[in-house]
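Letters go in sequence order (proteins before strands), and every chain restarts at 1.
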Amino acid sequence: MRCPKDYNMSEGALQVIMSGGDYPNPIMQILGSKRINAGGDKEKIRILLSDGKHTISFAMLTTQLNDKVGPNGVQTFSVIKIDKYITSIINNSGKGDARVLLILEMSVIVDGTEIAEKIGTPVPLNEAETAKQNGSASSNKPSSSHNTNGTSSNSSLFKPKVSSMDTSENLAGHMTHPISSLTPYQNKWVIRARVSNKTTIKTWSNSRGEGKLFSFELLDESGEIRCTAFRDHVDKFYDYLQVDKVYYITKCQLKPANKQFNSLKNEYEMTVTNDTNIQECHDAEASELPQTQYNFITIDKIAEKDVNSLVDVIGVVKSVSELFTFQAKTTGRELKKKEVTLVDQSKTSIALTLWGEDAETFDGTNNPVIVLKGAKVGEFGGGKNLSTLVSTNIKINPELKECYRIRGWYDSEGANLETTNLSARSGSGNFATNWMTFKEVKDKNLGGSERGDYYQVLGTILLIKTDNIIYKACPTEECNKKMVDMQNGMYRCEKCNREFPNFKYRLLAHMNVGDHTGNQWISMFNSEVEKILGATAEEVGQQIEQDSEQLASIVDRAHFKEYVLKCRAKFETYNDEARVKTVCIKVDPVNYEEYNAYLVDKIQELTGLNFG
DNA sequence: CCCCCCCC
């Protein structure tokens, strides 16, 4: 027979733990597991656990560890080390209080398939004995790092329960439950939790009525949960609850979490009720409760995330836009936003949009680190971006090791590295556009629609204007605005309301393009002008700084070349006169195979003959 | 009981 000592099992540990004591990193054997439906869409796993001397059947795994046990996870008879646990007293549906062991972290020492039998001859830990020792454990205060519950060495814990809780009852010293043990089926609980996030107060009005609400997020060693307060409860608790403070909370209503709007690791969320009691916790151990838990992903990984998913991201602010104010198209409401570019060690950058008050108050000077929990992934023009929601937890330069790490990276090298911009509009002009001739564009009166009309034309560049083809632009990433030369070595960007000693060259060309039916004046922006000139804006800028006469010959290289130009035509009113303005949004070399196919179609259409 | 989260 296999002996507990051969496996270094912690004989007697269960007796200590189940009496409210502390036994660090005990080694135990799993004798069985059973999935039990705790409501919601997730099951809980109850396991039969042995320390070699005793067994208990009321050990549970946190739902995060579910995958670790069972047919494809940790096998029955495995010897495990319990790296982190807590115990909790639950009301066992009228049969009196029972203590359960909740395993938070574990590692496998020997796989069950190698052992394939029960080690030693453990006997069930006597429940009555345990209950008796619960009372006597009061003089033996367990370490709070292993027990959020039972720490209060207060024998009043074991007094009979009062049937209803008076809201003025002092919750301090009351036995507490881990957040991860909360279910809608058991409403006698007190949690001790840190408020990790709090939304602003929101009012709503719809067919079902109107009101106001705010929500907050609660965190303890076992997990996290979202809680929402409506109407009167907003007045009662909004100011009282402060982010990062710790509270005793009881009597909220639990319900399955709506995962579309809640990214917390909990299958439930809860609502403040008339019976809810919240009291600040001043215990010294409260400081040991964890701070906000993040599941950071690096910026490059956002590329693979679905639009509308929620992510935790940490990044250094590379640049910030001005504050934009505009009307929402659907609601007509006035919106304020600020666009921030974030970078991280994956050498990838992404645009982050801050809204409303967050946008107004954000100060991007000195490249602060932004830490986001629950930011929304968006998409625009083929690139990904991030946007904050009212529920997003935003922290600027928090005292966090990841924050110091990324700060160090940015200051030592990150600031000077080339980065890939995940928000780049790769899709600009990548959509299908109809072939047109300039005569068709004129005959069809293109340009009348709100968003403009798009077409592509096979055109030859006839004349590029050299005046104002290059300018000194604001060095801020998204700005690109032409700056005013202060004539003192500084340049001023009116849009950003800032002066810079540096600038970046940008190209903006006006040119006449012709096809066999006519010609059209168009404008073309930086990236596309670089393509037709075969030189970057920086190179062109450098060359004309040497010799401004060179501009004519640089531009001349592009003349009389044929391209496929994707254009947008839109009517604009200038000096009370409506005229069509055309912008070439993409220029590509001619794909003759494709163009010929179009011509064949066109000939068939004109002649009624079929060449197929 | 919200759950809209906006724009280019």
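Nearest nucleotide to the A/F230 side chain, out of B/dC1, B/dC4, B/dC8: B/dC1. Minimum atom distance to the side chain of A/V390 is reached by B/dC5, of the listed B/dC5, B/dC6, B/dC2. Considering only the side chain of A/L389, B/dC5 comes nearest among B/dC1, B/dC5, B/dC7. Taking every side-chain heavy atom of A/F261 into account, B/dC4 is the closest of B/dC4, B/dC8, B/dC7.
Judged by distance alone, with hydrogens and angles left aside, the side-chain atoms of A/N367 form a donor-acceptor pair with the main-chain N or O of A/V317 at under 3.5 Å.
Between A/W204 and B/dC2 there is a side-chain N or O to OP1 or OP2 distance below 4.0 Å. For A/R208 and B/dC2, the shortest distance from a side-chain N or O to OP1 or OP2 is below 4.0 Å. When the side-chain nitrogen and oxygen atoms of A/K376 are compared with OP1 and OP2 of B/dC6, one or more of them lie within a distance under 4.0 Å. The phosphate of B/dC1 (OP1 or OP2) has a side-chain N or O of A/K255 nearer than 4.0 angstrom.
Under a 4.0 Å N-O distance rule, the pair A/K570/A/E572 does not qualify as a salt bridge. At a threshold of 4.0 Å, the pair A/E224-A/K373 counts as salt-bridged, since one of the basic side-chain nitrogens sits closer than that to a carboxylate oxygen.
Distance CG (A/N262) to P (B/dC4): 15 Å, rounded to an integer number of Å. Atom CG in A/L352 sits roughly 17 Å away from atom P in B/dC5 (whole-Å rounding). Summarising the geometry, the separation between NZ on A/K337 and P on B/dC8 is reported as 9 Å, rounded to the nearest angstrom. Per the geometry, CD belonging to A/E379 stands 16 Å off C1' belonging to B/dC6, to the nearest Å. The distance between atom CG of A/L254 and atom C1' of B/dC1, rounded to the nearest whole Å, is 16 Å. The distance from atom CG of A/N421 to atom P of B/dC8 is 20 Å, rounded to the nearest whole Å. Put simply, CG on A/N258 is 13 Å from C1' on B/dC4, counting in whole angstrom units. Taking atom CZ of A/F326 as the reference point, atom P of B/dC5 lies 13 Å away to the nearest angstrom.
Both tests hold for A/K198 against A/Y238: distance to the six-membered ring centre under 6.0 Å, angle to the ring axis within 45°.
The residue A/E210 sits apart from the nucleic acid: no heavy atom pair falls under 4.0 Å.
Side-chain atoms of A/K395 and A/T292 form a donor-acceptor pair, as typed in the model, at a separation below 3.5 Å.
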